[in-house]
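Beneath this line is the structure, given in structure tokens, with notes to follow.
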Amino acid sequence: RANASDELIGKSAISFVHPEDQGIIRQRIEVTENSKSAVPEIEVRYRRLDGTIVYVQTIATMISFQGKRARMVMVLDITDRKRASDIEKQFRTFIENIPAAITLRDKDGNFITVNKVWAEWFKQDKDAIVGKSRLEIFGPDRTGNIQAMNDDVLQNGTILNEENSFTDATGTFRTSLMQKFPIENS
């Protein structure tokens with residue numbers, strides 16, 4: 001990061017753009033030169049003075065500054081958001097490809113997500129289940145003492161490991177190890 005404005009003043013803005021992204025930025029400079037409106041936002045990589053690469057969201061427009069046409073560029077560092085998005089993609093890939101039935105629920109017991117194995121076992125549409133409770137999906141007959149176990153896990157931070165035998169929605173008899181544990185929000 002710059003410690004003083006003299007580290008930035010007089011330097012070409014393009015010199016801070018990652019070499020692989022300079023072409024798209026040059027194209028956008030041409031568009032703003034010939035346009036009266038802002039160019040749409042774009043995500044590119046910038047290089048800090050210390051050489052660190054950061055992801056930024058940038059938008060640019062031409063303005064009048066001290067009687068002359070000038071380019072105003074707004075830059076927002078989105079590196080943390082980009083990393084979080086990458087981690088979420090990795091998490092989702094892992095969850096979708098593990099050969100176990102997995103659900104993630106909120107503190108009220110409503111489904112946040114289920115993986116494809118769970119959806120197949122219980123013949124449920126993955127997207128239709130989001131936001132619904134186990135009771136709404138299965139009714140009281142198949143909910144039983146599960147809510148009490150869920151409450152214990154959430155309220156006491158208990159980790160539950162229990163063998164569970166059941167017949168899934170396809171008619172297949174299954175024995176599985178049910179593991180429940182709380183995931184803390186940061």
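Please read these numbers as outputs of a predicted model, since none were measured by experiment. Start at 1 with the first residue, then count along the sequence.
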Problem set entry | Heavy-atom donor-acceptor pair, Asn115 side chain to Ile95 backbone, under 3.5 Å | yes
For this session: Consider only side-chain heavy atoms of I, L, V, M, F, W and Y, link residues closer than 4.5 Å, and tell whether Phe181 and Ile102 are in one cluster.
Result: yes
Problem set entry | Non-hydrogen side-chain atoms of Glu163 and Met178 separated by less than 4.5 Å | no
Problem set entry | Path from Trp118 to Phe94 over hydrophobic side-chain contacts below 4.5 Å | no
Exercise. Under a single-linkage definition using a 4.5 Å side-chain heavy-atom cutoff for Ile, Leu, Val, Met, Phe, Trp and Tyr, are Ile42 and Val17 assigned to the same hydrophobic cluster?
Worked result: yes
For this session: Find out whether His18 and Val54 are in side-chain contact, i.e. whether some heavy atom of one side chain is under 4.5 Å from a heavy atom of the other.
Result: no
Exercise. Distance from Leu160 atom CG to Leu177 atom CG, nearest 0.5 Å?
Worked result: 9.0 Å
Exercise. Is Asp151 salt-bridged to Lys107, going by a charged N under 4.0 Å from an acidic O?
Worked result: no
For this session: Check step by step if salt bridge (Lys or Arg N to Asp or Glu O under 4.0 Å) holds for Arg48 and Asp77.
Result: CA-CA 11 Å; Arg48 289 187 177 150; Asp77 185 342; 2.9 Å; yes
For this session: Measure the shortest side-chain to side-chain distance between Thr58 and Glu41 over non-hydrogen atoms and say whether it is less than 4.5 angstrom.
Result: no
Problem set entry | Side-chain H-bond candidate by donor/acceptor type, Gln179 with Asn161, under 3.5 Å | yes
Exercise. Where do Gly157 and Pro182 come nearest, in terms of heavy atoms and distance?
Worked result: CA-CG, 3.8 Å
Exercise. If you take all heavy atoms of Ala169 and Phe122, which pair is closest and at what distance?
Worked result: CB-C, 3.6 Å
For this session: List the steps and the verdict of side chain to side chain contact (heavy atoms under 4.5 Å, CB included) for Thr170 and Lys123.
Result: CA-CA 7 Å; Thr170 68; Lys123 286 197 174 182; 3.9 Å; yes
Exercise. How about Ile14 and Ile25: do any of their side-chain heavy atoms sit closer than 4.5 Å?
Worked result: yes
Exercise. Do Arg105 and Asn110 have side-chain heavy atoms sitting under 4.5 Å apart?
Worked result: no
Problem set entry | Stepwise side chain to side chain contact (heavy atoms under 4.5 Å, CB included) check, Ile112 with Val130 | CA-CA 5 Å; Ile112 294 171; Val130 173; 5.9 Å; no
Problem set entry | Student check: side-chain heavy atoms of Tyr55 and Arg83 closer than 4.5 Å | no
Exercise. Out of curiosity, does Trp121 fall in the hydrophobic cluster containing Ile98 (side-chain heavy atoms, cut-off under 4.5 Å, transitive links)?
Worked result: no
Identify each donor-acceptor pair in which a side-chain atom of residues 59-71 lies under 3.5 Å from a protein atom, sequence neighbours left out, and give them as a table.
{"unit_1": "Arg69", "atom_1": "NH2", "unit_2": "Glu33", "atom_2": "O", "d": "2.8"}
{"unit_1": "Arg71", "atom_1": "NE", "unit_2": "Thr32", "atom_2": "OG1", "d": "3.1"}
{"unit_1": "Arg71", "atom_1": "NH2", "unit_2": "Glu33", "atom_2": "OE2", "d": "2.3"}

Problem set entry | Distance in Å, Ser85 OG paired with Asp80 CG, rounded so as to fall on 0.5 Å steps | 12.5 Å
For this session: Measure across Val117 and Ala101 and return the closest heavy-atom pair with its distance rounded to 0.1 Å.
Result: CG1-N, 3.6 Å
Exercise. Between Asn97 and Thr93, is there a donor-acceptor pair closer than 3.5 Å when you use the side chain of the first and the backbone of the second?
Worked result: yes
For this session: For the residue pair Val44 and Val56, establish whether any side-chain heavy-atom pair is separated by less than 4.5 Å.
Result: yes
Exercise. Are side-chain heavy atoms of Phe16 and Arg47 found at a separation under 4.5 Å?
Worked result: no
For this session: Would you give the length of the straight line joining atom CD of Glu120 to atom CD of Gln124, rounded to the nearest 0.5 angstrom?
Result: 12.5 Å
Seminar exercise, completed: To the nearest 0.5 Å, atom CD1 of Ile137 lies from atom OG1 of Thr103 at 11.5 Å
For this session: Report whether Ile24 and Val73 are members of the same hydrophobic cluster (ILVMFWY, side-chain heavy atoms less than 4.5 Å apart, transitive linking).
Result: yes
For this session: Find the distance between CD1 (Ile78) and CZ (Arg45) and round it off to the nearest 0.5 Å.
Result: 11.5 Å
Seminar exercise, completed: Shortest non-hydrogen pair, Val75 vs Tyr46, comes out as CG2-OH, 3.9 Å
For this session: Give the C-alpha distance, both sets of side-chain angles, the deciding distance and a yes or no for side chain to side chain contact (heavy atoms under 4.5 Å, CB included) between Lys126 and Glu96.
Result: CA-CA 11 Å; Lys126 288 173 38 173; Glu96 281 304 312; 2.8 Å; yes
For this session: Please confirm whether Lys132 makes a cation-pi placement over Phe111, using NZ or CZ under 6.0 Å from the six-membered ring centre and within 45° of the ring normal.
Result: no
Exercise. In Å, rounded to the nearest 0.5 Å, how long is the span from CG of Asp106 to CG of Asp108?
Worked result: 5.0 Å
Exercise. Does any N or O in the side chain of Asn156 come within less than 3.5 Å of the main-chain N or O of Thr158, such that one atom is a donor and the other an acceptor?
Worked result: no
Problem set entry | Partners passing side chain to side chain donor-acceptor pair (under 3.5 Å) against Arg174 (at least two apart in sequence or in another chain) | Asp168
Exercise. Is the shortest distance from a Lys or Arg side-chain nitrogen in Arg81 or Glu43 to a carboxylate oxygen in the other one below 4.0 Å?
Worked result: yes
Problem set entry | Lys/Arg N to Asp/Glu carboxylate O, Glu88 vs Arg92, below 4.0 Å | yes
